[in-house]
Number of protein chains: 2
Amino acid sequence: MLVIRQLFQLLTPVHGQLAHKLLYSMAEKTAGDLTGADPEIALAPYRTAVKQAGLRVQQAQMNAQTATGATKLDLQTEFTQCVSKLRAKQKELQEAELKMRPKQSHFDRSKLEQLLKRRFFYASSFPLYPSVAGLFDYGPMGCALKANLLSEWRRHFVLAEQMLEVDCTVLTPEPILRASGHVDKFTDYMVHDTVTGECFRADHLLEASLERVKADKKTTEGVKKRCDELLRQIDNLGKEELRDVIMEFNITSPSSGKPLSEPTEFNLMFPTSIGPSKQVSGYLRPETAQGIFVNFKRLLEFNGGKLPFAAAQIGQAFRNEISPGSGLLRVREFTLAEIEHFVDPTDKTHPKFLQIADTELSLFSGCSQMEGGSAQRVSIGEAVETGLVANQTLGYFMARIHLFLLKVGADSGRLRFRQHLNNEMAHYATDCWDAELLTSYGWIECVGCADRSCYDLNAHAIATKKIVSAKRPLPAPVFVESLDIIPNKQEIGKIFKSDSKVLLEHLNSLELCEMKQLEGALKNGPVTVTLKDLTFQLEASMVHFKSESKMVHHEEYTPGVIEPSFGIGRILYAILEHNFQGRKDDENRNWLSLPSCIAPCACSILPISSNEVFQNYIQQITSGLTDAGVTHKVDDSGGSIGRRYARTDEIAIPFGITIDFDTLKYDSVTMRERNSMKQVRIPLYQIPEVAAGLIAGRLNWAKVCEKYPMFTGQESSAAKDDDS
Amino acid sequence: MLVIRQLFQLLTPVHGQLAHKLLYSMAEKTAGDLTGADPEIALAPYRTAVKQAGLRVQQAQMNAQTATGATKLDLQTEFTQCVSKLRAKQKELQEAELKMRPKQSHFDRSKLEQLLKRRFFYASSFPLYPSVAGLFDYGPMGCALKANLLSEWRRHFVLAEQMLEVDCTVLTPEPILRASGHVDKFTDYMVHDTVTGECFRADHLLEASLERVKADKKTTEGVKKRCDELLRQIDNLGKEELRDVIMEFNITSPSSGKPLSEPTEFNLMFPTSIGPSKQVSGYLRPETAQGIFVNFKRLLEFNGGKLPFAAAQIGQAFRNEISPGSGLLRVREFTLAEIEHFVDPTDKTHPKFLQIADTELSLFSGCSQMEGGSAQRVSIGEAVETGLVANQTLGYFMARIHLFLLKVGADSGRLRFRQHLNNEMAHYATDCWDAELLTSYGWIECVGCADRSCYDLNAHAIATKKIVSAKRPLPAPVFVESLDIIPNKQEIGKIFKSDSKVLLEHLNSLELCEMKQLEGALKNGPVTVTLKDLTFQLEASMVHFKSESKMVHHEEYTPGVIEPSFGIGRILYAILEHNFQGRKDDENRNWLSLPSCIAPCACSILPISSNEVFQNYIQQITSGLTDAGVTHKVDDSGGSIGRRYARTDEIAIPFGITIDFDTLKYDSVTMRERNSMKQVRIPLYQIPEVAAGLIAGRLNWAKVCEKYPMFTGQESSAAKDDDS
């Protein structure tokens, strides 16, 4: 594997781009009926096909490496084609694997979407106006869910690791994003209608067109097969290949039928200009990371000059997608939470690695991907030890990401870490794993975790010609030689007059070795220097050399960076899918099983009827919960208590507090837990403490059930309760 | 006052713009030496001058109202000039008042700025690159402070009032901001160098130029006086007046000396375009409010159709300032926290008003501003009762804002609410009060609190031709008459042929009263209708009228909006100034007295020496505090404990936990409180609970001092402690 990694040289920048999306619908169409069969027998031919394709890639790679001249170019093209074919075979295998999974019987995406819209978790922005794709507003429930998710993130990462959180601007002047590579490389391929000018993302357009060709009854089996082959490679096609497909199928503009342009690169950043005279051109940041990199020096200083340390940032980022889609998965404005862990590149051990070494992760290694295998459960300790994961620090973060995702409600059976193959890895990354969550849209990249080596800090250092480094103590002090050149300005001026400036500038810019060379040469007589069409006859008397030697205790180095980067909207959508449930007795009664720590609202307060006598109690509980910092929602809308429980279950409220006629007698209320639907009876005054304890995790429901009496029905009145 | 309010018609839109900044330096230069004198005697002439100017405004206003024709224009100009003079006199009075205040003896802005930079609270963005004005990054301390401030805001407003929080996009298509008035009116005056093209904000440029003229030794006393007069009016000058001043003083470009252009309006929004073909032009939002307004219908539905309710939003907003400055006070990207409280405009009482009615606020009413008075302490109950504050809901929010600002550390002596005068009030606002905090830059608007009436929802309803309303039950059901017009298309077509379309469109667009008129007229014979140069002879047989009457139980209405809008960066800067302290024994030892609830970090952990034996204890405390959700910072850097306490005081850490040699013996540590510098000894295992209690406000320091023994020095070793 190592050999292949080093050899692969297709430098496709993929940092932060979309992962392999894989539509269930496509899987159904292409993978045939595999349910019921023994999984491994059914999958064997797919695995073999991947393995063979992988071997062909290796062979083509080696041929291309050893060839020279014109043959080399041909062999490189062949290699690229082999990689595309490998990808297609990998996709086929994945489709087959997905077919083998037990169906999420109750899951129906349209039902979830209806629920999310009806209860205003999120919806398209600017509802009164003509819609603009890829922009979403979070309503009260979505906004609270997102805020809780971020607050848990802060606790799990920033607080636990003493990270330095920063908050940088969205507006970013152009030079920063030029240095980072975004101005040149943050692009997608686009084609436009040569008559109307309408724009389309090339791969999406081809995908839709090929699907149409396939669906046409007149299409021959041979052409259908060719379409399938291309569809599986569509994510990996370059500019020329996209153009070839357009020509092969004579694809035209879907809206006008007119010819399409050649594919062109479209930069995905939103441009703007800063200041009144448009003197500073800039962009909305496409990621938050650059704000951290440019502040590295200040952060290092804040940390007392010590490494390693991590900085973190939560904030909005922007990508001008050509064709946004798939709900929250491909949008134009989104929230990122990013960590940049700065480390001495010669020592990537992590002091807390032992604490998580036994954590088992589902790892889908590059090797497995090449050989037709699947993701394997491996302890992160073993993965680092065997070299599968590049180092302890990268492994530590992968385990912490795994734990975080489970904590906020991801289903462990639908979570895996997929290693980037070298041809999809940004050229600066030495190892990169994506945490992917399986949704009805396929496996979705939700967190990227990359060892970016020293690329980012170096890029800014080169662009600004400033030193961006840290210091490490040397094992022993060393002597460092330095040489200064001191020009005799008077003499130079007398002889070279107005040309002196050019010579003086040249002398000041000499490197150590050049100075030494000059010093040696002048000992043998005058030296002729030619600069910008001017010739100078330099004599020994015109310059004086001063050499010095000093003891140095530290050496400077550029820190490496490990970057875990979280797409908050994607995580949010995936965990909504993972927590979308139906009740056993009624599959149509949908509810969300989100963990208490991120549920949009912690408690509902439900008077058993709209009787005026309950008003006082509602206010008492409300103000108690407010003081305890517990979010809550009063539902005094009438309707049966069972129907109201169902309404609160829909928005994932974990605890329901019901005020009934016994409350008037005993000053106690019932508390109902969403998942078990069990109820206990608790004294009114203890409610804030119990609720706060449950939400903060100081208490759990089992303990509450032990401490307080189970509730089955109130004495005081035979109130109707659909729920229990 | 009421009369004046109604009469004032200078519709300057000022919503969200900068308040009257007032430089201490200017006050010193112009107000003469007033310290030591009896304040009211010294201020009397200033008050009289304001009052006289106010009366002249009233007189001019009435003259202008009653005049007609050409005289009216002249009198309106005179009125405008009177208003400018009133403003100048008000400014003089304010300067004099500021001079009378006891000096904040220890306050030195440059020292605060140094501290904020050195400890990376915030600093200019993109430090490695050429700087761009008006962009700031928050470092670890500033970011934590801001996050805590926002979290307290959520608790104080969103949680306590069950507000519906939303999270809308920054990217905003143009039509929304055209409807809101921002595309046309969100502007500042700009002039540019006619040769180099360099741009300047007109009022700032004039201010600097006039100051230069004044400073010139050759300037006569008369001209200096004229400069002073203009400087006081500079905020209120219109396009023509700005041009006149440029000509009067022959002001040229400060960088090239070349002539300046006429002042032009510059829109302060950042433009961008959304999508690949630039088909959707948009802006970065200049405020978060519009996202709430366009979602009104969804929010009303979420709230079960019931009013009143409030929605809230925290987020970034953007203004392309022509010349940013004054640190965090005038920047190009900033965080807003806005509330839109929707209410039935016929009933602006507030159910919780009684709870805050006794809260005393410092109110600087419009009347006082006109009559040369000062801010007065008044209970909000009285203010609403007397009509000074327009209604209970507005008053309720003002009191809640007051309480919030004090909670997060504002000094009550440097907080006032200033009422907008009608000529500075946006034309849709019926009453507006700014919470202003006094800083070394003068009184700064930090929170706007406006009754915006139904303006915003109406604006979007008009722009989109959609109904944006709520329903209220009628006292009794009423019958509503409706009339439908049904054209006889066959007959019309036969007679008017291709012109029929124009006639049919016209008939369909008729209002109820027009239909009735037409119905009546047709009874008397044919009616002639002229449309777009076409004449139609309409006969009774060509149209049929159908009238209906139905019972209606509800009426629709457009809700009013009360809007409290918080500039988070400004509040943050002001409370940093208010909490910048020096120790009694050492004025140079600066520290920040920020309240625990918003301090960037809750606890420091300080081993008394770098001895290895303390490492275990550090880890034990760190993990306990992490589990309890308490932020903390380990300082094991060596240096005397006193010097390290001073370092943590600088970044406002309220509690310091010191591990010493007694810890090894007794498993206890000391806890030191920042303000009192007192220390107690607490068992190690109780630290997380005590610290969490102190930060959440469940415990206070006095109680901790009662419960635990006071600490004066450790037994086990005579550790040096500079601090106690």
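Just so it is clear: chains get the letters A, B, ... in the order the sequence lines come, proteins before strands, and each one is counted from 1. Only heavy atoms go into these numbers, but all of them, side chains included; no hydrogens, no water, no symmetry mates.
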Discussion item. Restricting to salt bridge (charged side-chain N to carboxylate O under 4.0 Å, His left out), what partner residues turn up for Arg647(B), sequence neighbours left out?
Written reply: Asp635(B)
Worksheet item: Atom CG in Leu457(A), atom CG in Leu128(B): separation rounded to 0.5 Å?
Response: 9.0 Å
Fill in: Gap between atom CZ of Arg332(A) and atom CD1 of Ile274(B) - 0.5 Å precision
7.5 Å
Practice prompt. Over all heavy atoms of both residues, which pair between Thr169(B) and Ser125(A) is shortest? Give the atoms and the distance, please.
Written response: CG2-OG, 3.5 Å
Item to complete: Run the numbers on Val170(B) and Val170(A) for side chain to side chain contact (heavy atoms under 4.5 Å, CB included), then give the verdict.
Response: CA-CA 10 Å; Val170(B) 164; Val170(A) 164; 5.9 Å; no
Item to complete: Taking the side chain as every heavy atom from C-beta outward, state whether Leu159(A) and His632(B) have any pair of such atoms under 4.5 Å apart.
Response: yes
Fill in: Choice from Val166(A), Leu135(A), Leu171(A) maximising heavy atom contacts with chain B below 4.5 Å
Leu171(A)
Discussion item. Both conditions, 6.0 Å and 45 degrees, for the charged tip of Lys633(A) above the ring of Phe302(B): are they met here?
Written reply: yes
Response to the item:
Counting heavy-atom pairs under 4.5 Å with chain A, the top scorer among Gly139(B), Ala160(B), Pro173(B) is Pro173(B)
Worksheet item: Any chance CD of Gln615(A) has more than 12 other-residue heavy atoms, nucleotides or ligands included, within less than 6.0 Å?
Response: yes
Fill in: Engaged part of Thr335(A) at the chain B interface, taking heavy atoms whose separation is under 4.5 Å
neither
Item to complete: Working to the nearest 0.5 Å, report the span between CZ of Phe318(B) and OG1 of Thr272(A).
Response: 9.5 Å
Practice prompt. Select one option (side chain, backbone, both, neither) describing which atoms of Glu165(A) are under 4.5 Å from chain B's heavy atoms.
Written response: both
Fill in: Part of Ala312(A) within contact of chain B (heavy atom distance under 4.5 Å)
neither
Discussion item. Taking side chain as everything from C-beta outward and backbone as N, CA, C, O, which of these in Ala144(A) sits under 4.5 Å from a heavy atom of chain B? Side chain, backbone, both or neither.
Written reply: neither
Discussion item. Which atoms of His192(A) are under 4.5 Å from chain B, going by heavy atoms: the side chain, the backbone, both sets, or neither?
Written reply: neither
Item to complete: Kindly indicate, with the supporting measurements, whether the criterion side chain to side chain contact (heavy atoms under 4.5 Å, CB included) is fulfilled by Phe270(A) and Leu284(B).
Response: CA-CA 11 Å; Phe270(A) 286 96; Leu284(B) 309 192; over 6 Å; no
Practice prompt. Go through the atoms of Phe266(A) and report whether side chain, backbone, both or neither lie under 4.5 Å from a heavy atom of chain B.
Written response: side chain
Discussion item. Counting heavy-atom pairs closer than 4.5 Å to chain A, which one of Gln162(B), Gln313(B), Met190(B) comes out on top?
Written reply: Gln162(B)
Worksheet entry | Contact origin within Phe136(A) toward chain B - heavy atom pairs under 4.5 Å | backbone
Fill in: Lys/Arg N to Asp/Glu carboxylate O, Asp137(A) vs Arg285(B), below 4.0 Å
no
Response to the item:
NZ of Lys466(B) to OH of Tyr129(A), rounded to nearest 0.5 Å, is 9.0 Å
Fill in: Interface residue of largest heavy-atom contact number with chain A, from Leu164(B), Val630(B), Asn320(B), Ile314(B), under 4.5 Å
Asn320(B)
Worksheet item: Does the side chain of Pro140(A) come within less than 4.5 Å of Leu299(B)'s, by heavy atoms?
Response: yes
Worksheet item: Where does Val468(A) contact chain B at under 4.5 Å (heavy atoms): side chain, backbone, both or neither?
Response: side chain
Practice prompt. Please round to the nearest 0.5 Å and tell me the distance separating atom CZ of Arg298(B) and atom CZ of Arg119(A).
Written response: 15.5 Å
Practice prompt. Could you have a look at Val634(B), Thr172(B), Thr622(B) and say which one has the most heavy-atom pairs with chain A under 4.5 angstrom?
Written response: Thr172(B)
Item to complete: Could you tell me the separation between the OG1 atom of Thr631(B) and the CZ atom of Arg154(A), rounded to the nearest 0.5 Å?
Response: 11.5 Å
Item to complete: Name the region of Asp627(B), side chain, backbone, both or neither, that has any atom closer than 4.5 Å to a heavy atom of chain A.
Response: backbone
